[in-house]
Amino acid sequence: QVQLVESGGGLVQPGGSLRLSCAASGSIFGINAMGWYRQAAGKQRELVAGITYGGRTNYADSVKGRFTISRDNAKNTVYLQMNKLKPEDTAVYYCNVEVTLRGGYWGQGTQVTVSS
């Protein structure tokens, strides 16, 4: 009853920008937190950025100063603005949403490839 739809991934040159979106819909009465994770080939999935309902954010050290997470609580949507992208940012990016009283849900993943 909860669905997450991701969009915004693609191929971008080093130094470029992408904006990922993740919209949650369904049986949602509240959201505790939203976040973006990524998993590069051969590597463990890691937290990229997270944001609480109240707006507290945290970032992986590797993306601080380059990525910005934001949310529109009214739309149950979380965004990840990615600037100054590097080849090491290449990964499948997954949205995660903690829905109040229902637990966590994952998006389908979207590929971000940074290459010249």
Tell me the closest heavy-atom pair linking [X] and [Y], and the distance in Å.
X	Y	result
Asn83	Ser17	OD1-OG, 2.9 Å
Leu80	Ala49	CD1-CB, 4.1 Å
Lys75	Thr77	O-OG1, 3.0 Å
Val78	Cys95	CG1-SG, 3.7 Å
Val2	Arg102	CG2-NE, 3.8 Å
Val48	Tyr37	CG2-C, 3.9 Å

Determine, for Asp61 against Lys64, whether the closest basic-nitrogen to carboxylate-oxygen distance falls under 4.0 angstrom.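 Answer for the salt bridge query: yes.
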Let me confirm one number: the [atom1]-[atom2] distance from [X] to [Y], rounded to the nearest 0.5 Å.
X	Y	atom1	atom2	answer
Gln39	Tyr93	CD	OH	12.0 Å
Ser21	Arg71	OG	CZ	14.5 Å
Thr100	Asn32	OG1	CG	3.5 Å
Gln13	Leu85	CD	CG	11.5 Å
Gln1	Ser25	CD	OG	11.0 Å
Thr68	Met82	OG1	CE	11.0 Å

Less than 4.5 Å apart, any side-chain heavy atom of Val97 and any of Asn76? no
Is Glu88 atom CD crowded by more than 12 heavy atoms from other residues, nucleotides or ligands, each under 6.0 Å away?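 Yes, because the 6.0 Å sphere around CD of Glu88 holds more than 12 heavy atoms from other groups.
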Kindly determine whether Trp36 and Leu20 satisfy side-chain contact (heavy atoms from CB on, under 4.5 Å), including the steps that lead there. CA-CA 9 Å; Trp36 289 96; Leu20 305 183; 3.6 Å; yes
May I ask whether Ile51 and Tyr79 are part of the same hydrophobic cluster, defined by side-chain heavy atoms of I, L, V, M, F, W, Y residues being less than 4.5 angstrom apart, directly or through others? no
Checking Glu46 now: which residues fulfil side-chain contact (heavy atoms from CB on, under 4.5 Å) with it, not counting sequence neighbours?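 For Glu46, the residues satisfying side-chain contact (heavy atoms from CB on, under 4.5 Å) (neighbours in sequence not counted) are Arg38.
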Measure from the side-chain N and O atoms of Tyr59 to the backbone N and O of Ile69, and report whether any donor-acceptor pair falls under 3.5 Å. yes
Between side-chain atoms of residues 109-116 and protein atoms elsewhere (two or more places apart, or another chain), which donor-acceptor pairs fall under 3.5 Å?
| unit_1 | atom_1 | unit_2 | atom_2 | d |
| --- | --- | --- | --- | --- |
| Thr110 | OG1 | Gly9 | N | 3.4 |
| Gln111 | NE2 | Ala91 | O | 3.4 |
| Gln111 | NE2 | Thr113 | OG1 | 3.3 |

Fit a plane to each ring of Tyr94 and Trp106, take the angle between them on a 0 to 90° scale, and name the class: parallel (under 30°), tilted (30 to 60°) or perpendicular (over 60°). perpendicular
